[in-house]
Amino acid sequence: MPRFATPNQRSPVPIISNPMEGNHMLKGKTALVTGSTSGIGHGMAEAFAAAGANVVLNGFGDPAEIEKTRAAMAEKFGVKVGYSGADMSKPAEIRQMVQDAIAQFGALDILVNNAGIQHTAPLDEFPEEKWDAILAINLSAAFHAIKAAVPGMKQRGWGRIINTASVHGLVASTHKAAYVAAKHGIIGLTKVTALELANAGITCNAICPGWVRTPLVEKQIEARAQQAGVSVDQAKQQLLSEKQPMTEFTTPAGIGALAVFLCSDAAATMTGVSLPIDGGWTAQ
Ligand code: NAD
């Protein structure tokens, strides 16, 4: 017996092709991505749709624009796409969103806790209401959504929970007290969820992006340009090179492909991990 399979021998290991290229490995699954009307969440929702999953979008924005995005995604990928306008700072709305997704699609197989906001200020000037809002949306919302989604996943013996953390779940930066606390918290929540569900067919992992050029970061670039009296392009370069050895932004599509991989059979035993996709930020 040859040790390695020759080209005409069938490999016992299923080969996963690029999920963005029409591999429908998530066909029949339903994925809910919070905060998917923009940025990273939108990239993840698209990647799930490209992999054949039905998708529930969530987030704020102009209703007509959201409807355009929803219909375009459904048309482009030939899947069903729903939308929930639930506010992630309101636990009752989060529970309702999960119930509605199950009612609309029959089950909720993949939950991505991604909605997030940012506010930067020195600790002694940090507005209390911003602390409360960031903790509610970036951390507590994930707890409420996981709690609502897990019973159905347990019943079916399959589930994937992905939390969008950040490099700021692993290391800190100044002026981001609430954000860093919430992101460190969500990594803890990821680990507890993974442990409790280890033998229930459900995995829970965190993705930790470095800089991704989305509206959330655009605001920080503009503030920097104004404060330093430099152009937006210079501010962008400064922002990147201060923290990231690689002076490139990570893309929402790249994060989407990583999320799809976490839902593949190949990742069935990956649970409780925090995966940086950060241009080397946390390697330092
Ligand atoms: P974004 O501003 O482009 O998108 C945020 C999304 O969350 C939007 O759809 C918005 O409508 C939604 N949202 C905000 N508040 C909400 C609420 N109360 N209820 C429901 N939806 C709400 O930002 P992004 O950069 O795509 O951020 C997405 C996630 O990625 C966040 O958790 C963020 O912390 C994380 N992240 C971003 C970066 C980056 O560089 N952009 C890096 C690491 C982690």
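Both ligands and their constituent atoms are indexed starting at 1 by order of listing.
- Between Thr214 and ligand 1, an N or O atom pair is found at a separation short of 3.5 Å.
- Every N/O-N/O distance between Trp211 and ligand 1 stays at or above 3.5 Å.
- Ligand 1 has a nitrogen or oxygen under 3.5 angstrom from a nitrogen or oxygen of Met88.
- Partners of His119 according to the ring-ring contact (aromatic ring centres under 6.0 Å, His included) rule, which considers only residues two or more places apart in sequence or in another chain, are Phe126.
- Salt-bridge annotation for Asp109 and Arg156: present, with a side-chain N of the basic residue lying under 4.0 Å from a carboxylate O of the acidic one.
- For a threshold of 3.5 Å applied to N or O pairs, the pair formed by Ser38 and ligand 1 contains at least one separation below that value.
- The nearest non-hydrogen atom to atom 42 (C) of ligand 1, considering only Ala165, Gly210, Ser166, comes from Gly210.
- Put simply, no part of Ala136 is less than 4.0 Å from ligand 1, judged by heavy atoms.
- Within the set Gly85, Ser84, Ala86, Pro209, the minimum heavy-atom distance to atom 43 (C) of ligand 1 is found for Pro209.
- With hydrogens left out, the protein atom closest to atom 16 (C) of ligand 1 is Phe60 CE1, 3.6 Å, a heavy atom.
- There is no side-chain donor-acceptor pair under 3.5 Å between Thr37 and His42.
- Partners of Glu242 according to the salt bridge (charged side-chain N to carboxylate O under 4.0 Å, His left out) rule, which considers only residues two or more places apart in sequence or in another chain, are Arg224.
- The parts of Ile40 lying near ligand 1 are both backbone and side chain, judged by heavy-atom distances below 4.0 Å.
- When side chains are defined from C-beta on, Lys243 does not count as touching Asp278, because their heavy atoms never get closer than 4.5 Å.
- Two residues are said to be in side-chain contact when any heavy atoms from C-beta on lie closer than 4.5 Å; Leu57 and Val33 fail this criterion.
- Looking only at protein heavy atoms, the nearest one to atom 31 (C) of ligand 1 is Asn114 O, 3.2 Å.
- Distances between N or O atoms of Ile137 and those of ligand 1 include no value under 3.5 Å.
- One side chain, Gln96 or Asp100, offers a donor N or O that lies under 3.5 Å from an acceptor on the other.
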